[in-house]
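Let me begin by presenting the structure, written as structure tokens, before commenting on it.
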Amino acid sequence: MKKLFFYISLIACTWACEKDQIDEITPTEIGGENGKTTVVFQTEIPGLTDYATTLEPMSRAGLDTIKTIINPLYRAIIIKWTDQKWVIDTILFSSFNSTPWNPYIIRNNTTLPPISVELRPGKYKIGLFLNADHNLTFLNTLKIGQVVSDNETIGKDEILAPAYKLRVSSDNAQTIKDEIFSGSIEFTVGKNDHLENSGPTRPTRINVTRKVSRFRYLLKEHLPEDSISNIDFSSTQYKFIAHLETTPETPFCDGLDILGRPHYHIDSTYTRLIMYMSDGANRFESEKDHRIYHMTFGTNPPVITVSFPTYAFPFILTDDTKPEGIPITLTSLIIDGQVDNYSPLYKLPDDFTQSFVLKPNSILQTIYEVVGRDSTYKIEKDKVGYYVRLVNDPDAKDLFHPYFELNPTASKNNY
């Protein structure tokens, strides 16, 4: 009886002393393989609703609003402090569930299943990656036992081995269609000196953060009374191609290291990138100005069922250690439509450039409207070229809330 009372008191004390991060992990199981202990991690996405954007109104994005979609397949890289060095101990590629093709639809109150791994006593760091393997290239050169640092305290500016790099074509075109999350934590696995179960312990929380920013273009459809009234954006599919440039002093982030931090590959620094995305012919009415806009994503509405959602956003990998962002320039934009007997192509004038500040965890929203036919455009007999121009309307920033693409509002004008 005394023994039972002792264990109940121990568990109550453990939960009462909860901290934001757990530094010491008490073994929870006996007889682990080769002296290993089962360690449980709980993935959390703090501030999921906090896009670094002024887009409003956020009040339309309530508790039931879909905030993001997580592929069940995840990757974790665990390093251990041993012999005065940090070495790779475990590379885990697994799934949150037994059906890895079923995505997790994340709302404010959604919790991902825990992650379990068996480890021997010692001091560790773990890097966790969500939605990374479907959008970036994992570097298979990482090996168990590989030394990654000689410094027990890894500084924020220390360069570690890369885990992922941008997946680009020979002409620097990249497609990131999902929000990538990553995070890390340091923890210690204690020794199990007893031959009995010491009782359940809380999972160690790993906070992951968004490592991309979204590019949202809106193409305004004209009303019948406008000077150009025969354009309806009616198309079965669009190809979106945007050319972005920056400076050698502020290159694009092109990877993530083994702890999920931004990484720059010295041999392939990018100052020019092409965002490419093939999406559907989506048209939505803004509740603010009641105009119709073509938007940047895959279906109307997004098909979110037990199978993978057929949606697509153009995302850019960003450096969350630089909250001030980097200056970038849009030098070319083409929206190429495909439909029977009519294939519109919308483009900015050849001499047009548009400046942005690319900040982490943000939405780059830009609005265009068609201004006239491009009479010089001749490439295919069914193609019709149009010029577009930038809409400089300060009141247009809140036409759609930040999560509208995953939560489109039904409208009689939707197609």
TODO: Using atom types as modelled and distance alone, determine if a side-chain donor or acceptor of T175 lies under 3.5 Å from a backbone N or O of Y276.
DONE: yes
Task: Side chains of Y124 and V117 in contact at under 4.5 Å (non-hydrogen atoms) - done: no
Open item on the list: Working note: Q174 + Y270, criterion side-chain contact (heavy atoms from CB on, under 4.5 Å); need CA distance, chi angles, decisive distance, verdict.
Closed with: CA-CA 11 Å; Q174 62 102 33; Y270 292 97; over 6 Å; no
Quick one: sort the [X] and [Y] rings into parallel, tilted or perpendicular, breaks at 30° and 60°.
X    : Y    : value
Y403 : H401 : tilted
Y293 : F400 : perpendicular
F215 : Y217 : tilted

Working to the nearest 0.5 Å, report the span between [atom1] of [X] and [atom2] of [Y].
X    : Y    : atom1 : atom2 : answer
N131 : R75  : CG    : CZ    : 13.0 Å
T90  : I144 : OG1   : CD1   : 6.0 Å
M275 : H243 : CE    : NE2   : 10.5 Å
N207 : L128 : CG    : CG    : 10.5 Å
L358 : L317 : CG    : CG    : 9.5 Å
W86  : L259 : CH2   : CG    : 8.5 Å

- [ ] Using side-chain contact (heavy atoms from CB on, under 4.5 Å) as the criterion, point out the one residue from L119, I77, I79 that pairs with D89.
- [x] L119
- [ ] Applying salt bridge (charged side-chain N to carboxylate O under 4.0 Å, His left out) between E152 and each of K80, K85, K123, report the one that passes.
- [x] K123
Open item on the list: Assess, by modelled atom type and distance only, whether the side chains of T141 and K143 contain a donor and an acceptor separated by less than 3.5 Å.
Closed with: no
Task: Under 3.5 Å side-chain donor-acceptor pair for K211 and S182 - done: yes
Task: Audit row: D150, Q84, side-chain contact (heavy atoms from CB on, under 4.5 Å) steps and yes/no - done: CA-CA 7 Å; D150 296 325; Q84 303 302 305; over 6 Å; no
TODO: Name all residues meeting the side chain to side chain contact (heavy atoms under 4.5 Å, CB included) criterion together with P262; count only those two or more places apart in sequence or in a different chain, and write none if there are none.
DONE: C253, D319, D320, T321
TODO: With sequence neighbours excluded, tell me which residues meet ring pair (Phe, Tyr, Trp, His ring centres under 6.0 Å) with Y164.
DONE: F129, F138
